[in-house]
Amino acid sequence: METLMTYIIGIGAIVVMMLAWVWVQSRWRETFSENISDEDVLAERRSCGNCGCVKVCKKEK
């Protein structure tokens with residue numbers, strides 16, 4: 001019975017983390033809606049540094 005609880009807790013934790021990630025993505029989409037062109041709303045912010053700009057950076061690659 002203890003093994004079954006371990007599996008249930010593990011699966012539940014994964015589901016909770018996935019739901020939390022969906023929530024983060026939806027909040028990010030609302031905040032930066034004018035700058036998003038990709039379904040993965042965090043994809044375009046990968047190369048951002050700490051430059052202080054509030055829009056999508058136009059850094060040269």
Side-chain angles (χ1 to χ4, degrees):
M1 192 64 155
E2 190 173 313
T3 304
L4 180 61
M5 280 304 289
T6 303
Y7 283 120
I8 291 172
I9 291 171
I11 291 169
I14 290 172
V15 169
V16 167
M17 287 188 289
M18 290 172 61
L19 291 173
W21 186 246
V22 168
W23 180 80
V24 166
Q25 291 254 340
S26 68
R27 298 298 298 163
W28 198 271
R29 183 178 289 116
E30 290 174 13
T31 303
F32 297 103
S33 62
E34 67 276 357
N35 298 324
I36 297 171
S37 62
D38 192 344
E39 187 176 324
D40 181 5
V41 296
L42 299 178
E44 293 183 21
R45 309 220 26 116
R46 286 186 189 123
S47 63
C48 279
N50 193 12
C51 64
C53 65
V54 294
K55 296 191 178 198
V56 175
C57 294
K58 297 191 177 359
K59 293 182 180 180
E60 294 184 26
K61 294 185 179 188

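Each residue takes its place number in the sequence, starting with 1.
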Quiz item: Going by the salt bridge (Lys or Arg N to Asp or Glu O under 4.0 Å) test, which pairs reach into residues 9-28, not counting sequence neighbours?
Solution: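 Found Arg27-Glu30.
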Quiz item: Got a sec, which pairs hit salt bridge (Lys or Arg N to Asp or Glu O under 4.0 Å) with one end in residues 11-20, sequence neighbours left out?
Solution: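 Residue pairs with at least one partner in residues 11-20: there are none.
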Practice problem: Identify, with sequence neighbours excluded, every residue that meets side-chain contact (heavy atoms from CB on, under 4.5 Å) alongside Leu19. | Solution: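 Residues passing side-chain contact (heavy atoms from CB on, under 4.5 Å) with Leu19: Val15.
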Quiz item: Only one of Ile11, Leu4, Thr6 forms a side-chain contact (heavy atoms from CB on, under 4.5 Å) with Ile8, so which one is it?
Solution: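 One option only clears the test, and that one is Leu4.
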Self-check item: Same cluster (ILVMFWY, side-chain, under 4.5 Å), Val22 and Met18
Solution: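 Val22 and Met18: separate clusters.
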